[in-house]
Amino acid sequence: MSTPERTEPERRSGPRPLTVLVLLGAGILTVLAASAFLPRWWSQRVADQANGSFTSGIGLGLFYGFAFTLLALVVLVVGVRRVGSWRGRLILLGVALLLASPNLLTLSIVVGPGGAAHAGERTLDVDAPGFRSSSLVGTVVAALVVIASGMLLRSRRKSKAEADALRRELEATRPSQ
């Protein structure tokens with residue numbers, strides 16, 4: 001007499017709906033808490049650095065806008081060319097967003113609809129004048145630098161390939177001695 005074989009119940013692949021709902025709810029709560037706290041906190045940090053000086057506000061804005069946009073874009077451009085998997089590219093995107101976070105925090109102050117964003121605007125207006133607009137200028141300049149560098153490198157590669165082709169053609173037409 002043979003015993004019937006027991007079969008394991010089929011396991012579903014992927015996350016369970018309850019887990020997804022809990023994670024989604026936690027994410028929404030985190031975003032709401034951050035939107036109430038981060039704009040005020042960031043404006044206070046910038047205001048402490050600028051100390052009410054118009055020159056310092058402009059300098060800080062140019063620095064933050066340029067440096068953190070440049071870093072984020074370089075990570076994205078270089079990383080996307082070298083990383084082939086989607087998981088790796090998502091990690092690169094996360095790193096780039098983390099590097100761009102000073103600019104994203106400033107953007108949340110400028111376009112944010114909440115009270116924290118308005119409080120941050122007032123703080124920056126008084127204690128770091130010129131920061132918001134110069135941060136935008138730095139961001140645009142960094143983006144233009146990355147675009148121009150990409151165009152220059154592409155042009156350089158194309159010119160080198162054309163020169164190599166012409167060199168091979170010239171050697172092929174020379175009479176052998």
Side-chain angles (χ1 to χ4, degrees), residues 14-153:
R16 297 178 182 213
L18 183 60
T19 305
V20 171
L21 287 175
V22 168
L23 289 175
L24 188 62
I28 290 172
L29 288 175
T30 302
V31 167
L32 290 175
S35 68
F37 167 74
L38 288 176
R40 280 189 178 102
W41 175 81
W42 178 243
S43 66
Q44 288 297 323
R45 298 298 67 80
V46 172
D48 289 345
Q49 292 173 15
N51 205 21
S53 168
F54 196 73
T55 306
S56 294
I58 291 174
L60 282 170
L62 288 172
F63 171 75
Y64 280 125
F66 182 81
F68 291 105
T69 300
L70 185 69
L71 285 172
L73 290 176
V74 166
V75 163
L76 277 179
V77 169
V78 171
V80 166
R81 297 187 87 195
R82 295 176 192 246
V83 176
S85 70
W86 283 105
R87 177 181 243 171
R89 288 182 177 181
L90 285 175
I91 291 171
L92 278 173
L93 179 63
V95 170
L97 287 174
L98 189 63
L99 287 171
S101 61
N103 295 333
L104 296 174
L105 287 169
T106 303
L107 183 65
S108 74
I109 291 171
V110 173
V111 299
H118 294 303
E121 280 182 326
R122 289 189 300 273
T123 301
L124 290 180
D125 284 345
V126 172
D127 293 331
F131 176 81
R132 291 182 295 160
S133 57
S134 60
S135 180
L136 174 64
V137 169
T139 299
V140 170
V141 169
L144 290 175
V145 165
V146 169
I147 291 169
S149 298
M151 291 172 64
L152 182 65
L153 289 173

Please report the shortest heavy-atom distance between Gly65 and Ala142, naming the atom on each side. O-CB, 4.4 Å

Do you know the tightest heavy-atom contact between Gly112 and Ala117? O-CB, 3.4 Å

Grab the two heavy atoms, one from Ala50 and one from Ser56, that are nearest each other, plus how far apart they are. O-CB, 3.5 Å

Could you measure the distance from the CD1 atom of Ile28 to the CG atom of Leu23? Nearest 0.5 Å is fine. 11.5 Å

Can you tell me how far apart CZ (Arg45) and CG (Leu38) are? Round to the nearest 0.5 Å. 11.5 Å

Verify, without hydrogens or angle tests, whether Ser108 (side chain) and Leu105 (backbone) share a donor-acceptor contact under 3.5 angstrom. yes

Could you work out, with side chain to side chain donor-acceptor pair (under 3.5 Å) as the rule, every residue matching Asn51, not counting sequence neighbours? none

How long is the span from the CG atom in Leu124 to the OG1 atom in Thr106, to the nearest 0.5 Å? 7.0 Å

Rounded at 0.5 Å granularity, tell me how far OG1 in Thr139 sits from CG in Leu144. 11.0 Å

Which heavy atom of Ala128 sits nearest a heavy atom of Val46, and at what distance? CB-CG1, 3.8 Å

Run the side chain to side chain donor-acceptor pair (under 3.5 Å) test against Arg122 and tell me which residues pass, sequence neighbours left out. none

Closest heavy-atom pair and its distance - Gly114, His118: O-CD2, 3.0 Å

Applying side-chain contact (heavy atoms from CB on, under 4.5 Å), run through Thr123 and Gln44 and close with a yes or a no. CA-CA 7 Å; Thr123 301; Gln44 288 297 323; 3.5 Å; yes

Separation between OG (Ser134) and CG (Leu60), nearest 0.5 Å, reads 8.0 Å

Sequence neighbours excluded, every pair satisfying side chain to side chain donor-acceptor pair (under 3.5 Å) that has a member inside residues 84-105: Thr69-Asn103

As an exercise, state the distance from OG of Ser53 to CG of Asp127, rounded to the nearest 0.5 Å. 11.0 Å

In short, side chain to side chain donor-acceptor pair (under 3.5 Å) pairs touching residues 29-39 with sequence neighbours left out are none

Minimum heavy-atom distance Ala116-Pro39, with the two atoms named: O-CB, 3.7 Å

Residues at least two apart in sequence or cross-chain that pass side-chain contact (heavy atoms from CB on, under 4.5 Å) with Leu136, listed by chain then number, are Val140

List in chain and number order the residues that pass side-chain contact (heavy atoms from CB on, under 4.5 Å) with Pro102, two or more places apart in sequence or in another chain; answer none if no residue qualifies. Trp42, Tyr64, Phe68

